[in-house]
Structure formats: C-alpha cells, structure tokens
Trainee: 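Starting off with a structure, shown below.
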Amino acid sequence: MAKSFFTSLFLLLLIPLHPKAQDDLNNRIFRLTYNQHYDSATVLLTSNQPIIDAYYYAVLDIDLSYWKNVTGTDTPNYPAFEQTLTKYNLRSVETFDQKAIQLIMLSYQLRYQLKRYRVFDAILTRKKTLILFNELKDRSTLLTSDQQELFRLYSALILYFDNYLKPFFIANKKENRIAALTEMEKLTHSENNITATLSTYFVGKIYLDYEKEFRKGAQHFQTLSADYPANNRFKKLYEDCLSKAAN
C-alpha cells in the first residue's frame with residue numbers, strides 16, 4: 001500500500017499545475033530569493049522541479065544562484081554560480097524551448113563576465129548571444145504571454161550590453177542603449193511580479209553601474225526595498241546611489 005501511495009504521489013507531481021497555481025508557486029520561490037532566504041528558495045524550487053515549467057525553472061534557478069553566489073552575498077562563491085551556468089550550457093540545443101533557456105543562460109553569463117571584468121570572455125559570449133537571439137526573436141510568439149514578457153526583458157538586456165560592448169565609434173551606440181533601457185523601464189510596470197522585479201533591478205543596476213544616473217537608480221532600489229524589506233542588498237544599493245548622487 002505504501003508503494004501504491006508513493007507511486008500515486010509521483011504521478012501527481014507530473015501533472016501540470018493550473019496556471020494560477022503555477023504562478024503562485026513561482027512567485028513564492030522568487031520572493032524567497034529576493035528576500036534573501038536562499039536555502040528556503042532552493043528547497044522549494046528543487047522539490048517542485050517536476051511541476052514547474054522548464055522555462056521558468058531555468059529563470060528561477062539561474063537567478064537564485066546569481067543572488068546566492070554572486071550579487072546577494074558578502075562572500076561570493078563564483079565556482080558555484082559557474083556550475084549553475086554549465087548546467088544550462090548544453091552542447092546541443094534543438095527545440096525552441098531549449099534555445100530560449102540557453103539565451104537566458106547567456107544573458108546571465110554576459111552580465112557575470114562584465115561584473116568580473118572578464119571583457120574578452122564577455123565579447124565571445126556577446127557573439128554567441130546575438131547569433132541565438134537573432135534566430136529566436138521572430139519566433140517568440142511560441143511562448144506564453146508571461147514568457148514573452150520575460151523574453152522581451154532579456155532581449156532588451158542583451159541589446160543594451162551588446163551596444164555597451166560595441167566600439168565607441170559605432171553609430172547609434174548610445175541611442176540603441178537608451179532604446180533597450182526604455183523597453184526595460186516599461187516592463188518595470190508589468191503585472192507579472194517576476195518580470196516587474198527583474199526589470200526594476202536590471203534598470204537600477206544599469207543606472208548605477210553604466211549610465212551613472214544615480215538618482216534614477218535610487219528610485220528603482222527604493223521601490224525594490226519597499227517590496228522586499230528583508231533584502232539588505234537593495235538597501236545598500238539605494239544608499240550607494242544617494243551617496244554618489246550627492247558627490
């Protein structure tokens with residue numbers, strides 16, 4: 001009887017969740033991550049892997065690892081994050097979903113390499129990212145509406161850093177960056193909490209680290225601090241923006 005119970009439980013886990021229940025689960029994991037409860041987020045994510053959409057699982061898994069091991073800690077564990085990236089860096093990607101997940105992985109890899117000042121690696125990653133992005137951009141209608149928003153966000157992020165890495169003499173470099181940033185700004189108002197939060201964070205970091213528009217960055221980190229009161233990193237980023245704006 002025990003065997004029958006566990007078999008039934010396993011089969012139940014393979015049944016896709018109702019979209020509302022799936023959204024609730026994704027948001028619970030995401031909110032745990034962004035309130036810096038990394039262990040709880042990891043347990044909830046890994047234990048529910050069979051019933052989480054693969055696209056969202058990749059977003060949640062990579063983003064959790066980035067926060068836990070790179071940006072949301074005073075003791076980074078870079079090898080652990082690189083191991084997460086390796087998990088999604090498949091030798092062969094054939095389906096649209098596999099390629100979309102690969103594109104998400106590359107967008108994080110590009111940001112990570114820039115953060116670590118590995119510019120040569122970032123240039124190589126940029127090339128791979130653009131090839132894949134150009135292949136997928138006209139097929140994003142295959143995604144659900146929420147997934148399409150995330151795809152728009154990562155696309156804008158890719159285009160921003162593509163133009164950031166272009167030589168200074170390339171025409172429209174600044175205009176293209178601003179257009180990508182404007183698209184991300186729009187997505188900060190998304191009704192999807194994951195898209196809105198990621199957009200707000202990416203935009204805030206871009207204003208702080210790349211555009212040097214510190215007051216604008218402060219506004220975004222103030223919003224994030226209110227939404228995620230347990231996140232000490234958002235408070236520090238807000239204070240960094242205010243300090244730099246005053247100088």
Side-chain angles (χ1 to χ4, degrees), residues 23-45 56 58-78 80-81 84 104 107-108 110-112 114-116 146 149-150 152-158 160-161 164 177-178 180-247:
D23 289 346
D24 289 345
L25 176 59
N26 292 346
N27 271 296
R28 282 173 60 202
I29 296 165
F30 188 81
R31 293 197 69 83
L32 284 168
T33 297
Y34 275 69
N35 276 309
Q36 297 189 286
H37 302 313
Y38 304 131
D39 291 343
S40 298
T42 300
V43 169
L44 193 59
L45 178 66
Y56 264 101
V59 171
L60 293 168
D61 189 26
I62 298 171
D63 200 58
L64 169 58
S65 183
Y66 192 74
W67 269 91
K68 179 179 180 179
N69 298 307
V70 180
T71 199
T73 175
D74 293 326
T75 54
N77 185 348
Y78 296 131
F81 179 67
T84 301
I104 291 167
S107 75
Y108 278 88
L110 181 58
R111 287 170 54 222
Y112 171 70
L114 286 172
K115 180 181 177 68
R116 301 287 313 279
D146 283 348
E149 273 201 334
L150 270 179
R152 281 172 55 201
L153 171 60
Y154 286 110
S155 297
L157 193 66
I158 287 163
Y160 180 88
F161 284 111
Y164 179 80
R177 288 210 324 264
I178 296 303
L181 189 53
T182 300
E183 173 71 357
M184 285 185 266
E185 287 270 21
K186 290 177 184 175
L187 291 168
T188 65
H189 303 292
S190 170
E191 293 183 3
N192 181 295
N193 178 62
I194 293 176
T195 301
T197 300
L198 287 171
S199 303
T200 303
Y201 175 68
F202 293 158
V203 170
K205 284 288 285 178
I206 286 171
Y207 279 134
L208 173 61
D209 294 336
Y210 300 96
E211 296 297 321
K212 309 302 182 184
E213 296 191 40
F214 305 120
R215 294 194 184 280
K216 289 184 179 179
Q219 292 173 3
H220 290 286
F221 292 123
Q222 185 176 37
T223 297
L224 290 168
S225 292
D227 290 343
Y228 299 92
N231 189 311
N232 293 322
R233 188 65 58 179
F234 288 151
K235 294 184 180 72
K236 185 175 186 309
L237 289 168
Y238 173 64
E239 291 166 359
D240 286 348
C241 286
L242 292 182
S243 175
K244 290 181 178 181
N247 293 332

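Remember, it's a predicted structure, so these values are computed and weren't measured experimentally.
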Trainee: Can any side-chain N or O of T33 pair as donor or acceptor with the backbone N or O of I29 at less than 3.5 Å?
Mentor: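 Such a contact is found between T33 side chain and I29 backbone.
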Trainee: First locate atom CZ of F221, then atom OG1 of T223, and finally report the distance between them rounded to the nearest 0.5 Å.
Mentor: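 Answer rounded to 0.5 Å: 10.5 Å.
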Trainee: Considering non-hydrogen atoms only, spot the tightest contact between E149 and S190 and give its length.
Mentor: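 Scanning both residues, the minimum pair turns out to be OE1-OG, 2.5 Å.
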Trainee: To the nearest 0.5 Å, what is the distance between NE2 on H220 and CD1 on I206?
Mentor: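 Answer for the NE2-CD1 pair, H220 versus I206, is 10.0 Å.
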Trainee: For R31, what residues pass the salt bridge (Lys or Arg N to Asp or Glu O under 4.0 Å) criterion, not counting sequence neighbours?
Mentor: none
Trainee: Can you check whether F30 and Y34 have ring centres sitting under 6.0 Å from each other?
Mentor: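 Yes - the distance between ring centres of F30 and Y34 falls below the 6.0 Å cut-off.
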Trainee: Whether D240 and K236 form a salt bridge (side-chain N of Lys/Arg under 4.0 Å from carboxylate O of Asp/Glu) is what I want to check.
Mentor: yes
Trainee: Does K186 have more than 12 heavy atoms from other residues, nucleotides or ligands lying within 6.0 Å of its NZ?
Mentor: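 Atom NZ in K186 is not crowded, with 12 or fewer foreign heavy atoms closer than 6.0 Å.
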Trainee: Taking side chain to side chain contact (heavy atoms under 4.5 Å, CB included) as the criterion, tell me which of D39, T84, D63 meets it with K68.
Mentor: D39
Trainee: Closest heavy-atom contact between A230 and H37?
Mentor: CB-NE2, 4.3 Å
Trainee: Quick check for you: to the nearest 0.5 Å, what is the distance between L45 atom CG and S40 atom OG?
Mentor: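 Here the interatomic distance stands at 12.0 Å.
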Trainee: Checking S243 side chain against E239 main chain: does a donor-acceptor pair fall under 3.5 Å?
Mentor: no
Trainee: Quick check: does any side chain N or O of S65 sit under 3.5 Å from a backbone N or O of D61, one acting as donor and the other as acceptor?
Mentor: no
Trainee: Could you tell me how the ring of Y154 sits relative to the ring of Y108: parallel (under 30°), tilted (30 to 60°) or perpendicular (over 60°)?
Mentor: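 Y154 and Y108: tilted rings.
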Trainee: Between the main-chain N or O of G72 and the side-chain N or O of Y38, is there a donor-acceptor pair closer than 3.5 Å?
Mentor: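 Judged by distance alone, yes, a pair lies under 3.5 Å.
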Trainee: Does the side-chain contact (heavy atoms from CB on, under 4.5 Å) test come out yes or no for L208 and F214, once each step is laid out?
Mentor: CA-CA 5 Å; L208 173 61; F214 305 120; 3.9 Å; yes
Trainee: Ring centres under 6.0 Å, that's the criterion: do F234 and W67 meet it?
Mentor: yes
Trainee: Is the count of non-hydrogen atoms from other residues, nucleotides or ligands lying under 6.0 Å from R116 atom CZ greater than 12?
Mentor: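 Atom CZ in R116 is packed in, count exceeds 12.
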Trainee: For the residue pair R177 and Y210, would you count it as a cation-pi contact if the rule is NZ or CZ under 6.0 angstrom from the ring centre and within 45 degrees of the ring axis?
Mentor: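 No, a cation-pi geometry is absent between R177 and Y210.
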